[in-house]
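Scroll down for the structure; my scribbles are underneath it.
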2 protein chains.
Amino acid sequence: MRSKMQHTSIACAACRSQAKSLFNALNNGQLTNISESKSCTVYRKGQILFHEGTRPLGVFCINQGKVKIYKLGYDGKEQITTIAREGGLLGYKALIAEDTYSVSAETLEDCTICFLPKSSFLQTLQESSSFNERIMKQVCHELGVMTENLTNQAQRPVRERLAITLLKLRDTYGLDAHEDGPIEINLTRDDLANMVGTATETLIRLLHEFKKDEYITTKGRKIRIEDPTGLSQAANLY
Amino acid sequence: MRSKMQHTSIACAACRSQAKSLFNALNNGQLTNISESKSCTVYRKGQILFHEGTRPLGVFCINQGKVKIYKLGYDGKEQITTIAREGGLLGYKALIAEDTYSVSAETLEDCTICFLPKSSFLQTLQESSSFNERIMKQVCHELGVMTENLTNQAQRPVRERLAITLLKLRDTYGLDAHEDGPIEINLTRDDLANMVGTATETLIRLLHEFKKDEYITTKGRKIRIEDPTGLSQAANLY
DNA sequence: ACGAAAAATTGACTTTTGTCAGTTTTTTGC
DNA sequence: GCAAAAAACTGACAAAAGTCAATTTTTCGT
């Protein structure tokens, strides 16, 4: 086993992800405050940031890498709700609701992630009304998205859900902006199945169809989207 | 057709629902402010309060009656996410997110519902930090609930979802507190199917099973829960 | 209470999706 | 780069849930 984690140091102001994070509602002074109270850690692939049901001690901000957010069903099956990436802020909802985590978070690759303790986060939330508004808007918006996800899960066949999921993942895996090559989705079939909400075998068979239809190509586990328009049609969007 | 609606007048301070509404975070002065800027309307069964995709002009607060909240799938099928009742506040998420409604709302019975215009609501949100906190907490909490709903929808068989839905509806239909008789759920089979996320025929067959198992009895459309414990077992909760 | 209209119900059948078992390929840590 | 482990894949089959068509019952407005 490789070593578990190591610490590092990154100023928020210098963080490449800062601009697209919720913290972009903060002014320089506030950002400096946060920057000074946070700590920054390098995680290996497959490490857990937090577990569903435990109490939050602060929030996580992703500087680099991807993190899967999921909830466990009763037989231990994961329902993946999001893949978070650079700039993503994790764990603040449980903190605000004064509740335990309703989901778990696990790194999908080696990641650099900052941790901001509860007190600093809540203080910032109180002191900056623009940050407060930003968060409030974000949460309200997410609720709309979740409602749509639920409706899709309840009403659409697997094939459409897969097409929709692939299109979403295109965004998630898209802005690894520095690289200029085409976009490749790098998830295990299990994880993909747990996003779509289906069995792994069913997922594989549908991927096969999409390959035959030339919407995608695969190279090992990697999926490359070749024809987003075709996928949109398969998704039967309205 | 009966007449569409009529206006009435109720002071928030005198509203039986106020104590359990989000407005209970307000002090007397603030409550009076709201009370003076709202209007109150009696709706007939089956009327639409707002449509998915339109822009909110304010928020609705239910004084009396039940309202179904739903999203339309692409073939026009309703996915019902909640049944709101006395004290429920509707439409504030779209307002806060500066977005269109992500769901629609329709009365399930004759209702008395107050309308508070956008400006008053947003002003109160700005001026009362306790109200702001209250809302923020509520939304964060709802997000956790939605995640659980999504997971259930994706992973549980219809039978379990129905049991869970019936148990939830027991709460919704429960606190018609003044009546002392046992709790009866009064929804069409279609609506119930659209909550559970299944076909109406499937729903009916499962209700039949639950009757045979003596978890419930029915009288016309009305469903009475006789054995919550049995239902919990059928729900396979963990 | 009456009669249309809406809703509930039933049965037969189809389709979709999941499960299981086994094989092949890829990934991973050293 | 190698070997073990993990993941991906395939086929046959089973189960769950949806669809369609027809009938009965309930609800609703008058």
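As the structure is a prediction and not an experimental result, all values here were calculated from the model. Each chain gets a letter, A, B and so on, in the order the sequences are listed, and its residues count up from 1.
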Passes side chain to side chain donor-acceptor pair (under 3.5 Å), B:Thr217 versus B:Glu226? Steps please. CA-CA 7 Å; B:Thr217 53; B:Glu226 305 286 358; 2.7 Å; yes

Side-chain donor-acceptor pair under 3.5 Å between B:Lys168 and B:Asn149, yes or no? yes

Less than 3.5 Å apart, any donor N or O on the side chain of B:Lys211 or B:Thr218 sitting next to an acceptor on the other? yes

Who are the side chain to side chain contact (heavy atoms under 4.5 Å, CB included) partners of B:Pro228, not counting sequence neighbours? B:Leu167, B:Arg170, B:Ile225

Applying side chain to side chain contact (heavy atoms under 4.5 Å, CB included), can you list everything that pairs with A:Ala94, at least two apart in sequence or on another chain? A:Pro56, A:Tyr101

Let me know the distance between [atom1] of [X] and [atom2] of [N], rounded to the nearest Å.
| X | N | atom1 | atom2 | answer |
| --- | --- | --- | --- | --- |
| A:Arg44 | C:dC30 | CZ | C1' | 14 Å |
| A:Asp190 | D:dA7 | CG | P | 7 Å |
| B:Leu187 | C:dA6 | CG | C1' | 16 Å |
| B:Asn194 | D:dA17 | CG | P | 17 Å |
| B:Asp110 | D:dG29 | CG | P | 9 Å |
| A:Leu108 | D:dA6 | CG | P | 18 Å |

Run the side-chain contact (heavy atoms from CB on, under 4.5 Å) test on A:Leu143 and B:Leu143 for me, step by step, so that the C-alpha distance in whole Å, both residues' side-chain angles and the decisive distance to 0.1 Å come before the verdict. CA-CA 6 Å; A:Leu143 211 31; B:Leu143 211 31; 3.4 Å; yes

Any residue in residues 198-208 of chain A with a heavy atom nearer than 4.0 angstrom to DNA chain D? Just list them by number, or reply none. A:Glu201, A:Ile204, A:Arg205, A:His208

Using a 4.0 Å cut-off on heavy atoms, which residues in residues 209-217 of chain B reach DNA chain D? List them by number, or say none. none

Restricting to salt bridge (charged side-chain N to carboxylate O under 4.0 Å, His left out), what partner residues turn up for [X], sequence neighbours left out?
| X | value |
| --- | --- |
| A:Lys68 | A:Glu78, A:Asp191 |
| B:Lys219 | B:Glu184 |
| A:Arg159 | A:Glu209, A:Asp213 |

Value rounded to 0.5 Å, distance of CD1 in B:Ile216 from CZ in B:Arg224: 12.0 Å

Return all side-chain donor-acceptor pairs below 3.5 angstrom for residues 194-203 of chain B, not counting sequence neighbours, or 'none' if the list is empty.
| residue | atom | partner | partner atom | Å |
| --- | --- | --- | --- | --- |
| B:Asn194 | ND2 | B:Asp190 | O | 3.3 |
| B:Thr200 | OG1 | B:Asp190 | OD1 | 2.7 |

Kindly give the heavy-atom pair with the smallest separation between B:Thr147 and A:Met146, and that separation in Å. CA-CE, 3.5 Å

Closest heavy-atom pair, B:Asn186 versus B:Tyr173, reported as atoms and distance to 0.1 Å, is O-OH, 3.3 Å

Residues 139-149 of chain A vs salt bridge (Lys or Arg N to Asp or Glu O under 4.0 Å), sequence neighbours excluded, gives A:Lys93-A:Glu142

Sidechain N-carboxylate O distance under 4.0 Å for B:Lys45, B:Asp110: no

Is it the case that the ring center of B:Phe60 lies less than 6.0 angstrom away from the ring center of B:Tyr92? no

Can you check nucleotides 24-27 of chain C for protein contacts, nitrogen or oxygen pairs under 3.5 Å, and list what you find?
| residue | atom | partner | partner atom | Å |
| --- | --- | --- | --- | --- |
| C:dT27 | OP1 | A:Arg221 | N | 3.3 |

Those residues of residues 153-167 of chain A lying under 4.0 Å from DNA chain C by at least one heavy atom: A:Pro157, A:Val158

Measure the angle between the two terminal helix axes of the helix from C:dA1-D:dT30 to C:dC30-D:dG1, five base pairs each, and quote it to 10°. 90°

